[in-house]
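Structure first, then comments.
Order of the sequence lines fixes the chain letters, A, B, ..., with proteins taken first and strands second; residue numbering starts at 1 for each chain.
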Protein chains: 2
Amino acid sequence: MRVGELSKRSGVAVPTIKYYLREGLLPAGVLTSPNQAHYDDEHLRRLRLVRALVDVGGLSIATVREVLAAIDTRDDSLHNKLGAVQEAISQPSAAELDPLAVADVQAFFARHGQTECIDVTESNVTLMLAAALSSARSIGHDRIHELLDPYLEGLKIIAKADLEYVIQHTSPDDVIEAMVIGTLIGDTVLKAVRRLAHAEVSRGALSGSPDPDSSN
Amino acid sequence: MRVGELSKRSGVAVPTIKYYLREGLLPAGVLTSPNQAHYDDEHLRRLRLVRALVDVGGLSIATVREVLAAIDTRDDSLHNKLGAVQEAISQPSAAELDPLAVADVQAFFARHGQTECIDVTESNVTLMLAAALSSARSIGHDRIHELLDPYLEGLKIIAKADLEYVIQHTSPDDVIEAMVIGTLIGDTVLKAVRRLAHAEVSRGALSGSPDPDSSN
DNA sequence: CTGAATGGATAGCAGTACTCTCTACTATCC
DNA sequence: GGATAGTAGAGAGTACTGCTATCCATTCAG
């Protein structure tokens, strides 16, 4: 198909597709003549992936490029690839780290099997965690780290479901893509469902009248 | 204190503070003369809150303004206030909703006590959820809704921990602020811990050598 | 043959979050 | 009392992002 059809089928405007081509988010089509190129279903698929990363994941164009690069690394183990993708989609805030927050993270790791001291700056994921705890501390919430263990407990259930989903519903070729999408969409879904859970909980606990009629 | 000291104590540059004042994120100080104003600890506190919302929550200035407005509504029940804040911090993507995704959300509510049909467009939270499921569907993941129930199960544990944290560590005056911060920082923490959980899980399941040596 | 579409390139534009500059002042130290 | 530093308020300017618009030569479709 040509760019016009690609645009129609994906719902992405032609100039935007051209922009993505320029930015390297989309591989160039096969040139059949100096000003005619042919795009296939892989392009369509990739284009939809880009849109999903941007729309659902809220990723910047630069981050999308990193994620795609990680996905396209074909000569690496799935585990390493997933790690690379995770690094790409986990951009920590630039704020300074509170050493106490770093200690919180290290203690958390120590509690859960990590025997030796870890360096939180080694991974964006741990950095993100430490940065979040730092921010909490900076505004006076120095007990947030107490939430880490219950969070992990809940997330074990969630991560297990994630894994099962990926295993059941994707071919090996698509595992990484599914993990990215699942992670990003899952983040959004988790956010939303957590808010619903909060609302549910607050209905009983925080309502104007101290009415202990409910739930739990 | 004057703006210079406010800046020093908060780590926010004076021009930025002035910008926040202009944008209504920070109430004006008490003018002691035409070009002298006095700021107190409440300003400092609010300023740090703004920074936390921006840095940790990744909220836009406009969204921060909405959140603050919701927090400052003093004549409303906590539950309603929390709802308003949640609406403010839950900005769904603008993409079109897939009716099937909407049905997924409705089915989810039906499974969990909501007897009558809900209108997903009535709240940003449900809209966010439906939008995420729509995006998933648009790229061929039409089974993501199967994750909702396990997610809820995990999130019940998490939300309970959230509630306990808020009750134990905050005075009634600060409950809403703590919920906002806890929600936003919690989102980030959840993201990070979920990624760690994925890494943990993938180490066993996806490693290059199909080595069934581990875990669960 | 004609007109729409295409590839490729460059320029422009709207939004965001500041940041800079300027004009009055005021406050204070010497 | 004068130099110096700090301040309020307001508008313009900046850097970056993610498109969008325009242009041109070419080419394909009818």
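With distances taken from any side-chain atom of A:S60 to the nucleotides D:dG18, C:dC18, D:dA8, the minimum falls on D:dG18. Side-chain proximity of A:P34 to the nucleotides D:dG9, D:dT27, C:dC18 is greatest for D:dT27. Considering only side-chain atoms of B:R51, the nucleotide from C:dG7, C:dT10, C:dC18 that sits closest is C:dC18. Comparing D:dC19, C:dT26, C:dA17 by their closest approach to the side chain of B:N35 singles out C:dT26. Candidate nucleotides C:dC18, D:dG9, C:dG8 were compared by shortest atom distance to the side chain of B:Y20, and C:dC18 ranks first. Among D:dC19, D:dG6, D:dT27, the nucleotide with an atom closest to any side-chain atom of A:Q36 is D:dT27. When distances are taken from the side chain of B:P15 to each of C:dA17, C:dG8, C:dC20, the shortest belongs to C:dC20.
Aromatic ring pairs are classed by plane angle as parallel below 30°, tilted from 30° to 60° and perpendicular above 60°; the pair B:Y39 and B:H43 is perpendicular.
Taking atom OH on A:Y19 and atom P on C:dA11, their separation rounds to 17 Å, with Å as the unit. For the pair B:L26 CG and D:dA8 P, the interatomic distance rounds to 11 Å; values are reported in whole Å. Nucleotide D:dT7 holds its P atom 12 Å from the CE atom of B:M1, rounded to whole Å. Note: CG (A:L47) to C1' (D:dG18) measures 15 Å, nearest angstrom. In this structure, A:I17 places its CD1 atom 14 Å from C1' of D:dT20, rounding to the nearest Å. Between the P atom of C:dC18 and the CD atom of B:E23 lies a distance of 10 Å, rounded to the nearest Å. Rounded to whole angstrom, the span from the CG atom of A:L59 across to the P atom of D:dT17 amounts to 14 Å. In this structure, the CZ atom of B:R22 is 12 Å from the P atom of D:dA12, given to the nearest Å.
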Margin query: salt bridge (charged side-chain N to carboxylate O under 4.0 Å, His left out) for B:E5 and B:R9? Distances and angles first, verdict last.
Written below: CA-CA 6 Å; B:E5 194 183 343; B:R9 287 224 256 160; 3.6 Å; yes
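At the phosphate of C:dA27, OP1 or OP2 sits under 4.0 Å from a side-chain N or O atom of B:S33. At D:dA29, none of the side-chain N or O atoms of A:R2 fall inside 4.0 Å of OP1 or OP2 (strictly under the cut-off). Residue A:T16 has a polar side-chain atom (N or O) positioned under 4.0 Å from OP1 or OP2 of D:dT20.
The pair A:R45-A:E177 meets the salt-bridge criterion, since a charged nitrogen lies less than 4.0 angstrom from a carboxylate oxygen. A salt bridge links A:R46 to A:D72: at least one charged side-chain nitrogen sits closer than 4.0 Å to a carboxylate oxygen.
Across all strands shown, A:L21 has no heavy atoms under 4.0 Å from either base or sugar-phosphate atoms.
Between the base of D:dA8 and the side chain of B:K18 there is a donor-acceptor pair shorter than 3.5 Å.
Take the nearest nucleotide of DNA chain C for A:Y39 and for B:T32: the residue whose nucleotide is more 5' is A:Y39.
The heavy-atom pair separating B:L127 from B:T121 by the smallest distance is CD1-CA, 3.6 Å.
No donor-acceptor contact under 3.5 angstrom links the side chains of A:S138 and A:S135, judged on distance only.
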